[in-house]
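Some notes on the structure that comes next.
Because only heavy atoms are used, hydrogens play no part in the values below, and waters and symmetry mates are left out as well, while side chains stay in. Throughout, protein chains are lettered first and strands after them, A, B, ... in sequence-line order, and every chain is numbered starting at 1.
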Amino acid sequence: MSTVKLSEAPEGLQGEGFFATSLSKVIGLARANSMWPLPFATSCCGIEFMATMGSNYDLARFGSERMSFSPRQADLLMVMGTIAKKMAPVLRQVYEQMAEPRWVIAVGACASSGGIFDTYSVLQGIDKVIPVDVYVPGCPPRPEQIIDGVMKIQELVKNESLRRRNTPEYKQLLASYGIE
Amino acid sequence: MALTHDTVLEQLRSRFPEAILHSELSFDFLNVEIQPAQNLEVLRFLRDELGFIYLTDLCAVHMPEQSGREIGVVYHLHNLEENYRFRVKAWLPEAEPVIATATTVWAGANWMERETYDFFGVRFEGHPDLRRILNVDHMEVFPLLKQFPLEDTTREDKDDRFFGR
Amino acid sequence: MKSLSNRSKVVSDKNMTLLEGAYLPAVVKGLGITLKHFFRRPATLKYPEEQREFTEVYRGKHVLKRDENGAERCTACGLCAVSCPAEAITMVAAERKNGEEHLYREEKYAAIYEINMLRCIFCGLCEEACPKEAIFLTKEIAPADYEREEFIYGKDKLVEGVEPAKRIDVSKRQDR
Amino acid sequence: MQEQQSIFGEDFLKTEEKQYNTLNLGPTHPATHGVFQNVLQMDGEIIMSAEPTIGYIHRAFEKLAERRPFYQVTPITDRLNYCSAPINNIGWHMTVEKLLQVQTPKKVDYMRVIIMELARIADHLVCNAVLGVDTGALTGFTYMFQERERIYDMYEEVAGARLTTNIGRIGGFERDFTPGFHKKLKDFLATFPARFEEFDSMLTRNRIFMDRVINVGPISAERAISYSFAGPNLRAAGVDYDVRVMNPYSSYQDFDFIVPVGTSGDTYDRFMVRQEEIRQSLKIINAAYNNMPEGNHFADCPEFYLPKKEDVYTSMEALIWHFKIVMGEVDLPAGEVYHSVEGANGELGYYLISDGGRTPYRLHFRRPCFIYYQAYPEMIKGQMLSDAVITMSSMNVIAGELDA
Amino acid sequence: MNLSLEWLLLIDKTVIAFVAFAITLLIATYSTYAERKIAAFLQDRVGPDRAGPFGILQPLADAGKFFFKEEIIPNTSDKFLFIIGPGIAMLTALMTSAVIPWGGSLEIGGRQIPLQVTDLNIGVLYVFAVVSLGVYGIMIGGWASNNKFSLLGAIRASSQMISYELSMGLALIALIMMTGTLSLGEIVEQQRGGNWNIFYQPLGFLLFLVCAFAECNRTPFDLPECETELVGGYHTEYSSMKLGFFMFAEYINMFISSAFMATLYFGGYNFPFMDSLGLSQNWITIIGVLVFFLKIFAFIFFFMWIRWTLPRFRYDQLMRLGWQYMIPLALLNIFITGTIILVTK
């Protein structure tokens with residue numbers, strides 16, 4: 001058990017019965033350990049995602065085993081697999097339906113850039129329609145890589161300030177994708 | 001009666017002297033070219049009397065260099081009990097690719113024809129629901145025709161000079 | 001319809017016996033199975049801390065090999081780029097100048113060699129195509145990252161180090 | 001009746017025109033696994049009609065294949081039915097071999113049989129485990145995924161990848177089975193049956209499960225044939241059509257196995273047929289592995305099978321072939337072939353037209369999923385919403401194969 | 001200062017009520033953790049292990065996340081009802097803990113303090129009444145969401161509740177015929193000394209157990225929210241803490257059902273040989289409380305064990321089971337019990 005890296009307690013002033021830290025950090029930590037994914041699995045990467053959820057890799061260790069197929073309840077949109085141009089509006093709608101704060105991870109070559117499918121019908125990377133936080137290369141990525149991506153997201157979440165989602169920069173980012 | 005290349009061809013020839021335009025053997029597989037106008041009669045005869053109850057596949061091919069008969073609709077038929085397969089083709093002009101639907105013969109032809117329409121623009125007359133199936137509805141071209149490019153035009157991370165194509 | 005294969009066998013029996021109809025036996029049996037697993041050691045590998053051993057031929061991140069003298073093997077022939085189904089490899093060739101023999105093994109070399117890891121599908125065709133044993137896929141996985149630009153792996157990330165410690169052993173991949 | 005005024009308004013008493021509820025199932029509904037959309041007309045929980053929309057991951061495989069040299073098509077076929085990628089790969093290799101009229105050695109055939117049957121097991125495991133998930137029993141899924149993981153490990157030994165394997169080459173395999181593979185396969189053959197039977201006993205005779213799947217999504221043999229069903233779905237309807245038996249390829253005639261069939265084509269039949277096929281596949285693997293002939297792991301076809309690396313450096317001929325193959329400049333005969341293999345979902349056909357160029361002139365995949373998914377509205381009509389969900393997962397519709 | 005007896009009683013009750021509430025909430029919170037861990041172990045996994053040692057901070061992380069998640073109220077929904085739905089679910093779930101006898105009585109300062117918020121003489125009826133109100137939360141929430149999946153979930157939930165409440169009640173009647181009282185405190189006292197009702201009412205218990213599963217919307221009866229069919233069922237449209245309330249309510253219901261079953265059939269806080277140990281009354285009470293919780297945890301484990309083993313029913317099969325099997329069996333049980341009571345008296 002000792003080999004497992006625990007999430008460290010946030011830095012703060014520790015004293016006898018006295019523990020102070022900024023709310024942001026605590027909430028960041030809470031969020032990071034409770035990322036409920038919305039698996040937007042369309043193809044091959046979805047099968048590897050199943051393997052990641054399965055016994056041998058167990059994404060549940062990161063507090064992410066409760067899959068939320070309802071976008072309202074999800075924190076992390078995992079886009080796995082090819083997103084065709086026909087699918088792009090659907091993806092965007094799902095993103096819009098998610099409650100803040102929300103993160104997006106593009107798993108695999110197809111979601112990230114189109115991969116080998118440089119064709120008329122495939123969207124060349126989902127960052128053309130929604131903002132992406134982490135890209136995971138591979139076609140499909142190994143479960144190790146998917147976990148790697150989730151951990152990268154956790155890093156991001158831990159360090160995000162509570163106010164970020166209200167900043168003009170963030171609003172501008174959304175506006176650049178045409179999401180109000 | 002066991003089906004062989006010869007018997008199938010003979011049956012077809014005797015029944016439809018005009019409709020059978022051409023036949024050849026390729027890799028021990030019989031190809032029969034038929035008159036597109038009579039495809040339904042031929043297919044129905046094949047199903048009902050020669051026992052080709054199983055439509056293995058239906059697709060099209062585009063050969064722009066054959067003028068007047070650019071688009072070929074290809075049916076792969078299978079007689080399950082005799083375990084005999086062969087191929088029926090009908091060539092259509094690209095300007096007016098119209099052929100009668102096979103959905104009345106095999107229910108499974110429905111989506112295969114829709115796909116063929118989607119890719120090549122072949123219009124199957126009498127098809128119950130001839131719409132695009134795989135591509136977005138508002139697409140204007142038929143993408144598998146040879147003149148249309150494969151690549152997506154919006155990609156930014158590639159440089160075509162390196163790939164020898 | 002007559003049998004097509006002459007070796008068919010009906011496998012589904014939809015009639016329940018009275019006992020099966022009473023729900024409980026199967027429920028108890030199922031509970032027994034899951035309980036057995038409850039006390040079994042978990043199959044889980046705690047990934048970042050414990051790593052699974054990949055096979056010798058695993059197709060992960062690429063490496064551009066150097067020869068035994070430390071010179072780059074790649075001669076910028078472009079076969080890898082041509083063979084790449086994802087069109088992820090780009091390279092710019094340059095002529096080797098005098099005095100650079102210790103850097104590049106052949107007279108031509110890749111001045112720029114980039115692989116777009118987001119395009120790459122790790123199919124291994126570049127490795128097969130390479131006539132100079134210059135590019136190999138390794139057991140290492142390509143890590144996830146935040147920015148798109150990070151995934152254009154240039155020579156800085158692809159070429160292995162000169163020092164023996166930084167060399168990547170690919171000898172096992174080569175026996176076929 | 002006419003004079004009565006309802007407090008709920010005028011519409012309430014209208015009975016002739018029944019208002020159906022429209023329910024949009026998908027494209028991101030959890031039950032659709034991949035991405036199919038079904039617009040259902042519902043009367044309460046009963047489905048009156050369904051209108052499937054597909055194409056949400058259309059990737060233009062066929063067009064893509066026209067622009068890639070023959071050896072580069074293999075990675076594309078991987079992504080058709082990604083649950084059993086090796087079958088697609090090997091089927092494609094055999095198609096090209098048919099065009100080239102290359103005879104593969106017995107050893108290659110047997111190796112292929114082992115790889116393909118492993119793929120079939122892997123595919124059926126996903127299908128049946130996911131059927132379990134859709135009926136609510138999640139645990140069997142995790143047990144079976146551990147077994148899949150071991151199959152992945154074996155692929156990794158042979159090809160270097162887990163899922164989209166790009167396994168083998170035109171003419172054979174790039175390397176012989178490694179010692180690691182032999183060890184893993186033996187281990188798998190020894191321990192898998194017991195674990196599989198454990199999974200089987202969790203569901204097969206459980207009344208809750210049986211009630212859920214019996215008479216759900218049935219299709220008669222006539223309709224199934226008319227819809228060009230193939231594979232386990234057709235066999236569940238009672239037609240024992242199996243390409244491995246009817247048109248044996250890759251030495252399947254050497255193996256004796258049973259073709260399991262069902263009776264009425266419902267979900268339980270499909271489930272049971274897949275379960276039995278897993279057992280039969282194990283039998284085939286055992287037979288192939290124990291009778292593996294000696295020989296080369298590649299066929300003699302220098303125009304397609306890449307020469308050994310050592311030869312490339314030493315022999316001029318090998319170097320030329322190497323360059324020609326990689327550049328895609330080998331000449332191959334013009335002609336058209338149709339080759340089909342028994343994919344995990346049924347007859348997976350490759351219709352290849354070659355004009356002698358470096359790429360296929362036209363390559364059409366006969367994708368079993370695409371063909372039988374069109375019967376879905378007919379199968380779920382009059383059934384309940386829960387039935388629609390499990391019918392879909394028992395048909396094992398793989399989005400990659402469906403949408404090409 | 002001399003407090004009057006009424007005041008002391010009030011203080012006692014307030015303290016007990018608060019403690020009961022707090023324990024209920026705590027157990028519900030940690031049930032989520034238990035569920036994850038148990039599911040993990042049943043599935044050969046390890047479950048959450050990175051939030052704190054062995055992942056024990058996992059529920060806190062979930063709660064922290066919930067509190068700071070954006071509240072989405074769909075603009076097509078009925079806002080008032082949308083908000084009140086999870087509130088009702090939570091409230092009714094918590095209210096039932098009032099009549100559960102958590103233990104015997106403690107003797108503090110010469111006064112007997114029973115560890116029960118209130119010993120209603122119709123405790124059983126009270127529980128039934130409050131639990132059946134719980135479905136309103138689900139129904140209102142599901143309806144107000146203005147989402148078809150939610151509506152279907154809500155309809156399923158209400159019909160399921162009504163059907164199973166009947167057989168649950170009938171199963172209990174046989175028990176009440178035997179005990180002759182509706183007070184939970186008395187029912188527990190009657191079972192003192194290993195004289196548990198389960199030995200007299202095995203069929204009744206089985207029926208009650210099945211109904212409890214249905215009442216708590218647990219697999220194999222989790223139709224109102226079954227993921228693969230209805231996405232999230234009645235809570236599809238809920239985000240943040242309102243969703244948390246629904247999930248909480250589910251776990252509280254499970255806890256209360258377990259407590260209820262332990263009370264009615266497994267002797268509550270009684271344990272074998274409690275009178276022959278020769279311990280003081282306070283010790284016996286404390287051990288009794290612990291034993292009671294042990295029984296509850298066993299039931300909770302059973303709930304989860306079942307959930308991760310069995311497939312779920314289909315809607316019509318669930319109804320058929322309820323009406324065609326459960327109710328006749330419950331009536332049969334009443335008949336048998338009545339006969340035996342008649343014969344033995």
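The stretch residues 138-147 of chain D places Leu138(D), Thr139(D), Thr142(D), Tyr143(D), Gln146(D) near chain E, each with some heavy atom under 4.5 Å from a heavy atom of that chain. Among the residues in residues 301-313 of chain E, those with a non-hydrogen atom closer than 4.5 angstrom to a non-hydrogen atom of chain D are Arg307(E), Trp308(E), Thr309(E), Leu310(E), Pro311(E), Arg312(E), Phe313(E). When the heavy atoms of residues 151-160 of chain E are compared with those of chain D, the residues falling under 4.5 Å are Leu152(E), Arg156(E), listed by number.
Contacts between Leu203(D) and chain E at a heavy-atom distance below 4.5 Å involve the side chain alone, from C-beta outward. For Val216(D), the part lying under 4.5 angstrom from a heavy atom of chain E is the side chain only. Proximity to chain D (any heavy atom under 4.5 Å) is shown, for Gln43(E), by both the backbone and the side chain.
Residues Met384(D) and Asp316(E) have side chains in contact (heavy-atom distance under 4.5 Å, counting atoms from C-beta outward).
At most 12 heavy atoms of other shown residues, nucleotides or ligands fall within 6.0 angstrom of atom NZ in Lys381(D).
In summary, Asp211(D) and Arg314(E) do not engage in a salt bridge, as defined by a charged side-chain N under 4.0 Å from a carboxylate O.
Evaluation of the salt bridge (Lys or Arg N to Asp or Glu O under 4.0 Å) rule for Arg270(D) yields no partner, not counting sequence neighbours.
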